[in-house]
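Letters A, B, ... are given to chains in the order of the sequence lines, protein chains preceding strands, and every chain is numbered from 1. Since we're looking at a predicted model, the values are computed, not measured.
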Number of protein chains: 2
Amino acid sequence: MAAEYCKDVPTARNRGDEPATGVRQRTRRAVLDAALSLWSRDFSAPLGDIADRAQVSRSTLHRYFPDRQALVDAALVDAIETIERVSEKATANCATAAEELDALMRAMVDVGDLILFLFSDTDRFTGNPHWDSDDEDEQELATLITRAQQEGALADDVAPDWAVGCFYSLVFAAASSISAGTLPRHRAADLAVRTFLHGLANR
Amino acid sequence: MAAEYCKDVPTARNRGDEPATGVRQRTRRAVLDAALSLWSRDFSAPLGDIADRAQVSRSTLHRYFPDRQALVDAALVDAIETIERVSEKATANCATAAEELDALMRAMVDVGDLILFLFSDTDRFTGNPHWDSDDEDEQELATLITRAQQEGALADDVAPDWAVGCFYSLVFAAASSISAGTLPRHRAADLAVRTFLHGLANR
DNA sequence: CGATAATGACACACCACTGTCCCATTTTGT
DNA sequence: ACAAAATGGGACAGTGGTGTGTCATTATCG
C-alpha cells in the first residue's frame, strides 16, 4: 500500500495551514491551555491527564499533536508568544526604565503559570529550536536592566545576570503565592516589584 | 512456608537498627546523595540513573530502599536534617535578627541542591508524614522575620508569608546561578542577601 | 583462613504511558 | 437534509521504569 496515511483528520499539517476554522482553533487552544496548566506544576503529567483537563479524548489530542514532543514545542512557542504580546502591551508607554521594569514584572505575574512552565526546569528546553525566541527576551530584559542602572534606578555593581535571575525568581514567588492563595494577585505583584526595585537599588 | 522473606540482605529494617556499620552507612549515603543530586534537577529521574550516579547496582539500591517511595522519604528527612544542622550552626552566635537572616541565607545557598529538591515542586511532599519537620522550619523563619521587623531591619508592612517565599526564591536563584556557573558562590550569596535585606527594608 | 556480609549481574512479571489504527457517533456548514 | 469535518471510545503493541527474586562473586571481619 501507499506510504503516507492521512491518519483520520487534521494535525494542522495535513491541511494547508488555512487559518484553522473555529472549532479546530478552539480545541487546539483548550489542549494547549490544559498542557500549560498541568505542565507548569508537573512536567511529567501524562497526555491522558491533559486530554481530560481539556475535556477532549486522547485520540483528539493526538490528532492535533502527533506525539508528546509536538505538544511540548507548541506549548513552548505559545507561552513565549503570549508573554511577548503581554509584555509589549504592558510596557507600551513607559517613560523610565524603572517604570518599564515595574510594568513588565506585573505583566509577568499575571501570566505566572507560563513563567512556571518555562523556567521551573531550566534545561527542559535546552536544544529546542524554539527556545531561542526566549533567549532574545532575556537579552532584552538584560539591556532594560542596564538602562535602569544608567538612569540610577538600579545599582551599578549588580551583575545583570543576577538581576535577570532575580527578576524571574520574584515573579515565580509571586505566582506561587497567588496560586497557593496566600496573597491576592495585586498584593503579590506589589511586593514583588517593591522587593526587586528596592533590593537592587543604590544603597 | 513462612510469611516474611528476608530478601537477601539489609534494608536497615531487617536488622535491629544497629548503627549501620561502616560499609552500609557509606553506600546508604552515596545513594542518598545521588538521589538528592539528580532529583533536585529532575524528580522523574529513574532509580537506575540514581544507582549509576551512586556507583551501585540497582539491586543494592533496592536492598537499602525497598521501593521508590522509601527513597523519597529518606531523601526528604535527610535533606531536612542537613538543612537544620547547617542552619543551627550558621546562626549560632548572631546578635541581631538581621545578622541571623544574613547567615541563614548564606547557609541555605551553600546547600542549594537540597533547597531545589525540597521546594522546586511545592506539592511534591504534601501529605508526607516527614514534611511536617520542614513546616516547623518555615514557621521558625517566619518568627525570625517578625523579629527583624520589630528591630526595624525589615519593613512592617511586608507580609511575613511573602518574606518567607521571597527568602527561598532568592536562595533558589542564587543556587541556580551557582550551579549554572553564572556567578561564583560567594558573589551569588552576597547578592541574594543584599537583595533580600534591602528589598524588604524600610523605605 | 573461613564465615558472614555485601554486592553485582541477570531474568522476570507488572504496570503506566505512548503512539497507532479503526469504527461508530456527533457536530458543523452548505 | 446531506456530506464533510470533528470527535469519542476503544483495541493494540511497543516501551521504559519498577519491584522481586536467584545465584555467583567479592569484600569484610573475627
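Of the possible donor and acceptor atoms, one in the side chain of B:S120 sits under 3.5 Å from a partner among the backbone N and O of B:L116.
Distance, A:W39 CH2 to C:dC17 P: 14 Å, rounded to whole Å. Between A:F65 atom CZ and C:dT18 atom P the separation is 15 Å, expressed in whole Å. A straight line from CG of A:L61 to P of C:dC21 spans 17 Å, rounded to a whole angstrom. Counting to the nearest Å, the C1' atom of C:dC12 and the NE2 atom of B:H62 are 14 Å from each other. Between the CD1 atom of A:I50 and the P atom of C:dG19 there is a distance of 11 Å, rounded to whole Å. Separating the CG atom of A:D67 from the C1' atom of D:dT15 is a distance of 15 Å, rounded to the nearest angstrom. Rounded to whole Å, the distance from CZ on A:F43 to C1' on C:dC17 is 14 Å. The nearest whole Å value for the distance from the CG atom in A:L71 to the P atom in C:dC17 is 16 Å.
Picking from C:dC17, C:dA11, C:dT7 the nucleotide with the shortest atom distance to the side chain of A:P46 gives C:dC17. Nearest to the side-chain atoms of B:R58 among the listed nucleotides C:dA6, C:dA11, D:dA6 stands C:dA11. Nearest to the side-chain atoms of A:R68 among the listed nucleotides C:dG19, D:dG8, C:dC10 stands C:dG19. You'll find that the side chain of A:R63 is closest to C:dC22, out of C:dC22, C:dT28, C:dC10.
Counting heavy atoms of neighbouring residues, nucleotides and ligands inside a 6.0 Å radius, atom CG of A:N93 does not exceed 12 of them.
Using a 4.0 Å heavy-atom distance criterion, A:Q69 is classed as making no nucleic acid contact.
Side chains of B:Q69 and B:D73: a donor on one and an acceptor on the other come within 3.5 Å.
Below 30°, between 30° and 60°, or above 60°: for A:F125 and A:F43 the angle between ring planes is above 60°, a perpendicular geometry. A tilted orientation is assigned to the rings of B:Y168 and B:F119, their planes being inclined by 30° to 60°.
Phosphate proximity of C:dA6 to B:Y64: absent, as no side-chain N or O sits under 4.0 Å from OP1 or OP2. A:T27 has a side-chain polar atom (N or O) that falls below the 4.0 Å cut-off from OP1 or OP2 of D:dT7. Contact annotation: B:T60 reaches the phosphate of C:dG8 (side-chain N/O to OP1 or OP2, under 4.0 Å).
No N or O donor and acceptor, one from the side chain of B:S57 and one from the base of C:dA9, sit under 3.5 Å apart.
Of the residues near DNA chain C, A:D49 and B:V56, the one whose nearest nucleotide (by heavy atom distance) lies more toward the 5' end is B:V56.
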